[in-house]
Amino acid sequence: MKLEQSSLTSREIITPIISVILALLVGAVFILIVGENPIEAYWVLFSNSLIGVSSIAATLQRATPLIFTGLAVAFAFRCGLFNIGAEGQLYVGAMAAVIVGVSLSGIPKVIHLPMAIIAGMLAGGLWASIPGLLKAKLGVHEVINTIMMNFIAYFLTDYLVTGPFHGGRWTPETARVFPTAELSRLFPPTRLNTGIFIAIAAIILVYFILWRTRFGYEIRAVGFNPTAAEYGGISVSRNMVMAMVFSGALASLAGVEQILGVHGRFIQRFSPDLGFMGIAVALLGKNHPVGVFFAAVLFGALRTGAAAMDRLTDVPRELVVIIQALIIMFVAAEELTRRLIQRRRRA
Amino acid sequence: MWDYLVYFVNATVLAAALRMATPLIFTSLGGIFAERSGVINIGLEGMMLIGAFTGMLTSYFTGQPWLGLIGALIAGALMGLVHAVAAVTYKVNQVVSGTAINIFAVGVTVFLLRWIFDVAGTSPSVSRVPVVTIPLVNRIPVIGQIIGTHNIMVYLALVLVVIVHIFLFKTVWGLRLRSVGEHPKAADTVGIDVFLTRYLAVITSGALAGLGGAYLSIAHLSRFGDQMTAGRGFIALAAMIFGKWTPFGALGASLLFGFANAVQMRLQELGIPSQFVQMVPYILTMIALAGFIGRATPPKAIGKPYKKE
């Protein structure tokens, strides 16, 4: 990876593909264990997630929050920071958005919806700024602090959703947001909503910022070599904090989309590890906005197809969670895939 | 005032704190092994979960909870081996490898639970390792109530703290382990096998986390539930940091966090939301890392793969 390079090299494209294939092969072993045919099971999985308008819509819907968390992790990575706290950031973001969504009424959608979204982004950005500041000012590793802040976010939102903002029903959830704060559905009955457009805008924006602005250049310079960046007159600490704020704001959009576009209300612990999956998406997408898009769609397809596979075969849906973990491992083990490629060339 | 104090700090609460600290003690000791050798182990949570599952499974099929403990130990060690292969040999980012292990553990335990038992959520009930009473100690007033009668794994955890302390600070193997985590190059120069040391440390780390998980499924309870570790692997990580990477420090932190857990219901009755009490371990750890209460400094070579020249 060079500092100036904005497109992916062929190796950066081949490695993830090999990793996915390896993960699917190991996944096939699990399918064999339960006594099913891997080809059939995978056919059910992918045909139900990638063929037909409603399947594709469902896949894109599941991909939407992963695009946000994937971009969030990738953006921080570009600055040399490991944001493992996307999960917590999306929770506080979702909570802030829902508070705006349920508290204000009688204002037009063109004002209410953006307000809710911006409130979420501010909350997520602010939340992420804390580990950013601790890293920049005191040199505390952001990994541990972002993990700790995930748990603080869980408990904080647990409290708010069961206490001050409890919606009246016996389940731990808030009231429904006003329709003026909702992201509209695009292909009912699928839950694909206008959040996908925000996701695509975010992809373009992140690309633009990283490779077309001074700010993005500084972020990448710090990630590439902080000592050299500092020597070249770039403030490492300022950029680290800004990268975390930006990353947190992106992560929070995943929560905002889930709340304003899918559930309509904040439900306690609603996220199926979207923040952690964002790490997988960023790695698989090689920390590039376009790569993040394709990785998120793949993960969205796995999640969508899993339900059908669970219903139509004896393979439990958790197979796709195993596959996702394996993808992370194989993508990260670049040396492993590199050796595999070299061996094939030699043969 | 005194009444309040007795309400929060009494033998019942302290005994409960000790029980809740036990899985954290095992797992944070595991964390110490890995991190003292220079390898970050974010995967403790997943290793615990696999241990909890394997412990239950072994106990279910053999009827022997003791074999369950061995099963959990081996399963945890295997996950440790995976982490070691990734982090030490293939130089995978250690945080990434740990994250992958955590996600894998959630997937594989639910997958196998549904396939083997055809149930979602909770396994059948299995036999568990026994509760024992220490003769004489149990007759001492108050102290007997606190430490006199517990599951045998609670005592095992306390004994392990002493053993790990002696190992780390009083034996040559412990010195080698620590030197690998601080100055791998220097350790290598004097003939210590950095790779082997890290492999053994991370495998031990997984084995201990596996035992911590088994405590939940075949000692404290007698069944496995989906994601039953519920973040305890991360609290153990916090306990390790708050305890400054030492066994007795981790013990103290585990007991403190266990106490916070045991007392939260009583605080709830006073109108203090339990969620705020549950946040305490994480906030304390952040404060300790920031250096506001005696700075917690990790081993020097932490997170850096070693390349032999």
Side-chain angles (χ1 to χ4, degrees), chain A residues 27 30 33-35 82 84 130-131 133-134 137-141 143-145 147-163 273 276-277 279-280 282-283 310 314-339, chain B residues 40 42 45-46 82 85-87 89-116 118 120 226 231 234-235 237-238 241 273-292 295-296 298 302-303:
Chain A
F30 281 90
I33 289 174
V34 301
F82 202 148
I84 201 163
I130 298 170
L133 280 168
L134 288 170
K137 301 291 173 201
L138 297 170
V140 188
H141 204 298
V143 165
I144 300 296
N145 277 333
I147 291 176
M148 297 299 123
M149 290 198 67
N150 280 341
F151 285 92
I152 299 170
Y154 295 156
F155 293 121
L156 179 66
T157 55
D158 281 355
Y159 165 70
L160 292 172
V161 76
T162 53
D273 282 353
F276 295 106
M277 288 301 168
I279 300 168
L283 284 169
D310 195 283
D314 280 340
V315 185
R317 73 177 74 210
E318 285 72 24
L319 175 74
V320 303
V321 181
I322 298 174
I323 290 174
Q324 284 163 339
L326 292 167
I327 290 175
I328 303 180
M329 205 54 132
F330 288 132
V331 177
E334 273 181 278
E335 218 171 286
L336 179 77
T337 44
R338 197 177 309 142
R339 282 183 203 178
Chain B
I40 299 174
I42 303 282
E45 173 80 6
V82 170
V85 170
T89 303
Y90 286 105
K91 302 180 175 50
V92 170
N93 181 312
Q94 295 166 6
V95 177
V96 170
S97 168
T99 305
I101 286 170
N102 289 336
I103 294 173
F104 178 79
V106 170
V108 81
T109 52
V110 180
F111 182 93
L112 292 176
L113 187 70
R114 288 188 56 197
W115 175 56
I116 296 169
D118 205 19
D226 285 356
F234 291 110
I235 305 189
L237 196 73
I241 296 165
S274 62
Q275 291 91 354
F276 289 111
V277 186
Q278 285 171 296
M279 285 178 200
V280 167
Y282 308 104
I283 295 173
L284 281 180
T285 302
M286 288 180 73
I287 294 173
L289 273 172
F292 296 126
R295 180 156 199 155
I302 193 103

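Only this structure's heavy atoms are used, side chains among them; waters, hydrogens and symmetry mates stay out. So that the names make sense, note that chain A is the first sequence line, chain B the second, and so on, each numbered from 1.
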| request: Looking only at non-hydrogen atoms, find the nearest pair between A:L134 and B:A290 and report the distance. | output: CD2-CB, 4.1 Å
| field | Nearest non-hydrogen partners of A:E318 and B:R114, listed with the distance | value | OE1-NH1, 3.2 Å
| note | Here the pair of heavy atoms bringing A:A332 nearest to B:V92 is CB-CG1, 3.4 Å
| message | At a heavy-atom distance under 4.5 Å, which candidate from B:V96, B:I283, B:V280, B:L237 has the highest pair count against chain A? | response | B:V96
| message | Quick check on the interface: out of A:I328, A:I152, A:L283, who has the most heavy-atom pairs with chain B under 4.5 Å? | response | A:I152
| query | Within a strict 4.5 Å, meaning less than it, do heavy atoms of the B:V82 and A:M329 side chains meet? | reply | yes
| chain B contact via A:V34 - which portion, at a heavy-atom distance below 4.5 Å | both
| Side chain / backbone / both / neither for B:S97 at chain A, heavy atoms under 4.5 Å | both
| field | Structural part of A:I279 lying under 4.5 Å from a heavy atom of chain B | value | side chain
| Are any of the side-chain heavy atoms of B:I103 and A:M277 separated by less than 4.5 Å? | yes
| said: Can you tell me which portion of A:F30 sits under 4.5 Å from chain B's heavy atoms? Options are side chain, backbone, both or neither. | reply: both
| task | Output the option from A:I323, A:V320, A:V321 having the highest count of non-hydrogen pairs under 4.5 Å with chain B. | result | A:V321
| For the candidates A:L156, A:N145, A:T162, A:I327, which exhibits the highest count of non-hydrogen atom pairs separated by less than 4.5 Å from chain B? | A:N145
| message | Using 0.5 Å steps for rounding, measure from the CG atom of A:L138 to the CG atom of B:L289. | response | 10.5 Å
| query | A:I322 and B:G107: which non-hydrogen atoms are nearest, and at how many Å? | reply | CG1-C, 3.7 Å
| query | Looking only at heavy atoms, which two atoms of B:F234 and A:M148 are closest? And how far apart? | reply | O-CE, 4.0 Å
| query | Of the non-hydrogen atoms in B:A100 and A:A325, which two are nearest, and what is the gap between them? | reply | O-CB, 3.4 Å
| request: Check each atom of B:I101 against the heavy atoms of chain A and say whether the ones under 4.5 Å are side chain, backbone, both or neither. | output: side chain
| task | Take B:W115 and A:V315 through the test side-chain contact (heavy atoms from CB on, under 4.5 Å) and record every step on the way to the result. | result | CA-CA 8 Å; B:W115 175 56; A:V315 185; over 6 Å; no
| query | With only heavy atoms counted, which part of B:I241 is less than 4.5 Å from chain A, the side chain, the backbone, both or neither? | reply | side chain
| query | For the atom pair CE (B:M286) and CE (A:M149), what is the distance rounded to the nearest 0.5 Å? | reply | 5.0 Å
| message | Taking side chain as everything from C-beta outward and backbone as N, CA, C, O, which of these in B:A238 sits under 4.5 Å from a heavy atom of chain A? Side chain, backbone, both or neither. | response | both
| field | Interface moiety of A:D273 toward chain B, non-hydrogen atoms closer than 4.5 Å | value | neither
| Residue part contacting chain B, namely of A:F82, when any heavy atom lies under 4.5 Å | side chain
